Amino acid sequence: MEHIVIIGNGISGVTAARHIRKNSDKEITIVSAETDYFFSRTALMYVYMGHMKFEHTQPYEPWFWKKNRINLKKGTVSKVHSNTNKIEFSDGQELSFDKLIIATGSKPNKFGWPGQDLNGVMGMYHKQDLDNLEKYAPNNQICKRAVIVGGGLIGVELAEMLHSRNIPVTFLVRENSFWGNVLPKEASAMINKEILDTNIDLRLGVNLKEINSDENGNVKSVIIAETNEEIECTVVGLTAGVSPNVDFLKNSDLEIGRGVKVNRFLETNIKNIYAIGDCAEQHKQIGYRKTTEAVWYSGRMMGETVAQTICGNKIKYNPGHWFNSAKFFDIEYQTYGWVWPKPKENEAHFYWEHKSGKKCIHINYDKNTLEFIGINTFGIRMRHEFFDKVLTEKNSINYVLEHLADANFDPEFYKLHEPEIVVKFNQENNTNIQLKKKSWARIFSV
Amino acid sequence: MKTIKKSGLLLFLIGLTIFTGTIFTGSFSLTSDEFGSFIKEKNYKNELIKDELQKAVVTSENINIFEFSSRVRNAYKVSNEHYEALINKYDSEKNWTKKGEQYQYKIYGKPHSLSFELAKIAGAGFAAENPILMWFLTFGLGILGALLFIIPDVILLGKPGIKNNGIFLNAATNRGWIGWFAFVFLVGFYILLYFYPDYIVNWVYLVDSISESINGNLASQWFLYGFLYCIVMTVMAVRMYIKYRHNKYQILRTTSVLFFQIVFAFLIPEILVRFEKPWYDFKNAFPLDYDFFFKWNLDELLSSGGFGLFILFWGVVLTIVVVPVMVYFFGKRWYCSWVCGCGGLAETLGDPYRQLSSKTLLSWKAERIIIHSVLIVVLVMTGFALYTFFSGDDQVMGIKTQSIQDIYGFLIGAIFAGVIGTGFYPIFGNRVWCRFGCPLAAYLGFVQRFKSRFRITTNGGQCISCGNCSTYCEQGIDVRAYAQKGENIVRSSCVGCGICSAVCPRGVLKLENGPEKGRINPTDILLGNDVDLMKLVNDKN
Ligand SMILES: Cc1cc2nc3c(=O)[nH]c(=O)nc-3n(C[C@H](O)[C@H](O)[C@H](O)COP(=O)(O)OP(=O)(O)OC[C@H]3O[C@@H](n4cnc5c(N)ncnc54)[C@H](O)[C@@H]3O)c2cc1C
Ligand code: SF4
């Protein structure tokens, strides 16, 4: 029987394994160094915050793996021998494979800052980081202040985590506005305000210079590059992005760029070896997507796809319309299609903000054809299926606004803002769009 | 704010301690006059019990409720044993006439209930003599303390939004020592309420005047329970209003259960009693209302004129028409988390414990077996009851209808629904009864699963498998298992509390009523991936 070995028990590796099992009888082994069982990395924050126990982050009960005949092996892979079809573990053991899927995810970026390896400096990626945080920042007695370096999605999550235990946080963000390289300025400003309102000491437009230690090798303070200000702290969270976790492959025959280079079939340069998830790097961009995507959904889609190929139904990785989501303290965020910080030449933005300053939407559309290109929505939930269809059918912004009631996904009885949104667009654009009543027939296309 | 919270807790604990301590206070005895009128009212035909009881309770001694109870029970026992011995004697002598005569002297009823009746007259002491002051020292302090503990959360929890911080780090909500303490307390309370009502007679004094003003009679332990239920729900509803103040679904739902509890389960039935109508809770549907078709109830309804007939008619229509039709349109949530009293307590008092329900496949299996067995038992029992009612025969196939009813009342009505159903909140989560035991929930579940417009829609591919939804599902549904496959949730056990949707950090879940078509949507490949791949794989199944 063909033996499929998967390195990495994250969402991409596990999705691949599940789908291979569905479609075949092949022997499957998942290898991971991190934990015995698959857990949801995105939920790590909730464990520290006490919303969940670590067990709750595991989507499958332990019996699931045995029942589905998926072998789990714990261990760190140190080498891949592509000539003999073997992987080697750090303790020297070897494991043969017929096909190998590399799904080793990412690791937090460290930019060579002085002091970046001191006690109390940590990323927020692996289970071990969580344990570390629990050790160095169990409460605000032991951790008097934490400094977070890097203003992305993981940074803001770490800020929320520490805040939940009343630990004072200083948040260093390189951009002049939080996530300003992704969000248009109005939305970004709204999140700045949300962070500040939560009493996080948000510092925009600053970089870390160095981390200082006390006599025991523990963090004592950080220095800000721009101002040379010293901020005393006992924990430093490094959340300045992630990069593919592929160092152990550097000496193999695999072609490595930022990540493991793969073609549209998720095949590496070596036959029978594939790479998926955060660690895979496409040769060419697919649409507007980046060549590496550190996103849960992309990992899952690659897992779904590669399983087909491995089970004899060779199929290209061809992700559909972009979507994503996040949460900034109490403000939920969803996006469908593409909204850039600034509209491109042929594009225009429509922006609406609720008077509470906690909800807003940005719609990006084509100035000339009025085609809808994407939406960012904060504080209002929207229906994925609705926008997926709009994008596929290349509907206009007018269509979207007319049917906003169909798009809404907020819980029942929530106050709806659609009329207000449509009025604003009509005023700004001299149009006369009329909001249609919500229609189940349209929503479910029955 | 923290100080207010802490002093609230202190006041609450003082109130609770006094409340608990009250049990042990007071002295119990009857004057001969009181005793005389009791005996007259009871119209006992046997002399022995009069003597025995008189010896036991007409005394100038200072006896506490436990001693009092034991004396009373002993009196009944002595008397009953005496006549049983006679019955046996005449039986062996084959003296049937004599034997038959003895039965009228036996006194039926649960010993502790008989003792409760006497104790209700017999009490003296602080609680019995100063019920209003004591009410304030127990209920009053409890309510005030609880509110002072809860209300500062408006500020302490921070801005409106999901604030589940520290739930699993807290001994009260993570099966820590506080949880176990609450468990022991609640279980103890239910055991006393159901099986030793005489021991808590001091509590009943405290609500006598309230009872009188509503239904015209002194309170029974059931009045006390109903009153306490409403108080606890109201106070804990305040907590819900604060915790979920950003979520209108939760606010409305909480208001609804509170309304139905106070008005339908408490006030209306008590007022009916005042007008000498049968006690009836118009929203309590059979088979949750398991004794609706018992002979005594049917007899009572039939002898209560037009009003009784109306209740009979409504009870039948409620179960056969209203309940399923509403479940078709809105899902079983309309009952379980908008109307029902058990649900109401679970959603208010029980909300802090929702995360403790087990999500394993094993518990789902157990749940299905147990709850459907209860439904079957209740239906068989009702069949027996109706047979007995119409035929007059008190047994079916050699099984006594009365025995089945007694066993059900004890095992399911008291132990399962009360002691386990509520007592186990702090250990097994807040819907133990609704999930594992309630036969009405089982019935509604069938309708919801197979013929309903209700579902929890999963928002395409947005799920990140974080597990918040499953963790906070009080019914132990592994919501994530569906959400992460992009599949709608149409489980029969879902009571539509809406918390999964509230806690989801990615806006994945929405409770809604829509067309039946496409309601169940098994998926392998989630929305967002290659459309051809989705078509290829998803259409296969
Ligand atoms: C805190 C946090 C929050 C996030 N939130 C979101 C979000 O809200 N939405 C979103 O879309 N994305 C989010 N992400 C990103 C998302 O979690 C990742 O994109 C996704 O987990 C990547 O999955 P993967 O399977 O590719 O890799 P991983 O989940 O990283 O799994 C790889 C596994 O391989 C193991 N491994 C690596 N090297 C070896 C080796 N040599 N030997 C053995 N085992 C090895 C690793 O230990 C790891 O267990 C978040 C990430 C973090 C850290
Ligand atoms: S809470 Fe939301 S994102 Fe998390 S597992 Fe449930 S549905 Fe998925």
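Because the structure is a prediction, the values reported are computed rather than measured. Residue numbers begin at 1 in each chain, while the letters A, B, ... track the order of the sequences.
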- Query: Are A:Phe323 and A:Gln334 close enough, and set up right, to give a side-chain contact (heavy atoms from CB on, under 4.5 Å), and what steps lead you there?
  - Reply: CA-CA 7 Å; A:Phe323 67 98; A:Gln334 293 180 334; over 6 Å; no

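- With sequence neighbours excluded, the residues that form a salt bridge (Lys or Arg N to Asp or Glu O under 4.0 Å) with B:Glu474 are B:Arg354, B:Arg431.
- One finds no salt bridge joining B:Asp153 and B:Lys243 here, because no Lys/Arg side-chain nitrogen approaches an Asp/Glu carboxylate oxygen to under 4.0 Å.
- In this structure, the portion of A:Trp63 lying under 4.5 Å from any heavy atom of chain B is its side chain and not its backbone.
- Here A:Glu61 is the residue among A:Glu332, A:Glu385, A:Glu61 with the most heavy-atom pairs under 4.5 Å with chain B.
- No side-chain donor from either of A:Lys394 and A:Thr392 sits under 3.5 Å from a side-chain acceptor of the other.
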- Query: Can you check side-chain contact (heavy atoms from CB on, under 4.5 Å) on A:Glu157 and A:Tyr48, steps first, answer last?
  - Reply: CA-CA 11 Å; A:Glu157 284 185 2; A:Tyr48 178 82; over 6 Å; no

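- Between the side chain of A:Ser325 and the backbone N or O of A:Tyr333, no donor-acceptor pair lies under 3.5 Å.
- For A:Asp330, the part lying near chain B is the side chain, with the backbone staying farther off; criterion is any non-hydrogen pair under 4.5 Å.
- The candidate from B:Gly158, B:Ala502, B:Pro160 with the greatest count of non-hydrogen atom pairs under 4.5 Å with chain A is B:Pro160.
- Listed options B:Gly460, B:Gly514, B:Ser465 were ranked by heavy-atom pairs under 4.5 angstrom with chain A; first place goes to B:Ser465.
- Using a 4.5 Å cut-off between heavy atoms, A:Met382 contacts chain B through its backbone alone, with no side-chain atom that close.
- Put simply, CG on B:Asp530 and NZ on B:Lys535 are 12.0 Å apart, with the number rounded to the nearest 0.5 Å.
- In terms of non-hydrogen atom pairs under 4.5 Å with chain A, the most contact-rich of B:Leu509, B:Ile162, B:Asn174, B:Ile525 is B:Ile525.
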- Determine, step by step, whether B:Phe260 and B:Leu258 satisfy the side-chain contact (heavy atoms from CB on, under 4.5 Å) criterion, reporting the C-alpha distance in whole Å, the side-chain angles of both residues, the deciding distance to 0.1 Å, and the verdict. CA-CA 6 Å; B:Phe260 279 100; B:Leu258 197 57; over 6 Å; no

- Item | Chi angles and distances behind the salt bridge (charged side-chain N to carboxylate O under 4.0 Å, His left out) call for A:Asp406, A:Arg383 | CA-CA 8 Å; A:Asp406 294 355; A:Arg383 231 175 254 277; over 6 Å; no

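- No other option in B:Thr173, B:Thr471, B:Ile167, B:Val531 has as many heavy-atom pairs under 4.5 Å with chain A as B:Thr471.
- Proximity to chain B is limited to the side chain of A:Lys438, based on heavy atoms less than 4.5 angstrom apart.
- For B:Arg480, the part lying near chain A is the side chain, with the backbone staying farther off; criterion is any non-hydrogen pair under 4.5 Å.
- Using a 4.5 Å heavy-atom cut-off against chain A, the contacting residues of residues 246-255 of chain B are B:His246, B:Asn247, B:Lys248, B:Tyr249, B:Leu252.
- In this structure, B:Arg368 forms a cation-pi arrangement with B:Trp364, its terminal cationic atom sitting closer than 6.0 Å to the ring centre and no more than 45° off the ring axis.
- With sequence neighbours excluded, the residues that form a salt bridge (Lys or Arg N to Asp or Glu O under 4.0 Å) with A:Lys358 are A:Glu194.
- Nearest heavy atoms, B:Gln462 versus A:Tyr336: NE2-OH, 3.1 Å.
- Heavy-atom pairs under 4.5 Å with chain A were tallied for B:Gly161, B:Cys463, B:Gly498; the largest tally goes to B:Cys463.
- The cationic group of A:Lys127 lies under 6.0 Å from the six-membered ring centre of A:Phe54 and within 45° of the ring axis, placing it in a cation-pi geometry.
- For residues 327-335 of chain B, a heavy-atom distance under 4.5 Å to chain A picks out B:Arg333, given by residue number.
- Contact of A:Thr198 with chain B is made through backbone and side chain together, with heavy-atom distances under 4.5 Å.
- Counting heavy-atom pairs under 4.5 Å between each of A:Lys327, A:Arg381, A:His51 and chain B puts A:His51 at the top.
- Counting heavy-atom pairs closer than 4.5 Å to chain B, the top residue among A:Phe413, A:Tyr317, A:Phe409 is A:Phe409.
- Residue B:Ser470 does not touch chain A at all, counting heavy-atom pairs closer than 4.5 Å.
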- Message: side chain to side chain donor-acceptor pair (under 3.5 Å), that's the test. Do B:Asn529 and A:Glu304 meet it? Break it down for me.
- Response: CA-CA 9 Å; B:Asn529 207 337; A:Glu304 290 168 349; 2.7 Å; yes

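- Judged by the 6.0 Å distance and 45° axis criteria, A:Arg289 is not positioned over the aromatic ring of A:Trp338.
- Heavy atoms of B:Asn513 lying under 4.5 Å from chain A belong to its backbone as well as its side chain.
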- Could you give me the CA-CA distance, side-chain angles and deciding distance for B:Ile427 and B:Trp180, then say whether side-chain contact (heavy atoms from CB on, under 4.5 Å) is met? CA-CA 7 Å; B:Ile427 304 303; B:Trp180 282 103; 3.6 Å; yes

- Message: Please determine whether side chain to side chain donor-acceptor pair (under 3.5 Å) holds for the pair B:Thr360 and B:Ser363, giving the CA-CA distance in whole Å, both sets of side-chain angles, and the decisive distance to 0.1 Å.
- Response: CA-CA 5 Å; B:Thr360 59; B:Ser363 52; 3.0 Å; yes

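- With chain B as partner, the option from A:Ala326, A:Ala43, A:Pro411 having the largest number of non-hydrogen pairs under 4.5 angstrom is A:Ala326.
- For chain B, the nearby parts of A:Thr305 are the backbone and the side chain; heavy atoms of each come within less than 4.5 Å.
- In the displayed structure, A:Lys359 atom NZ is contacted under 6.0 Å by more than 12 heavy atoms of other residues, nucleotides or ligands.
- At a 4.5 Å heavy-atom cutoff, the contact between A:Asp410 and chain B is made by backbone atoms alone.
- For the options A:Lys415, A:His321, A:Arg165, A:His56, heavy-atom pairs under 4.5 Å to chain B are most numerous at A:His56.
- Residue with the most contacts toward chain A among B:Val503, B:Asn170, B:Asp532, B:Leu533: B:Leu533 (heavy-atom pairs, distance under 4.5 Å).
- Residue B:Phe428 qualifies as open at atom CZ: its count of foreign heavy atoms under 6.0 Å is 12 or below.
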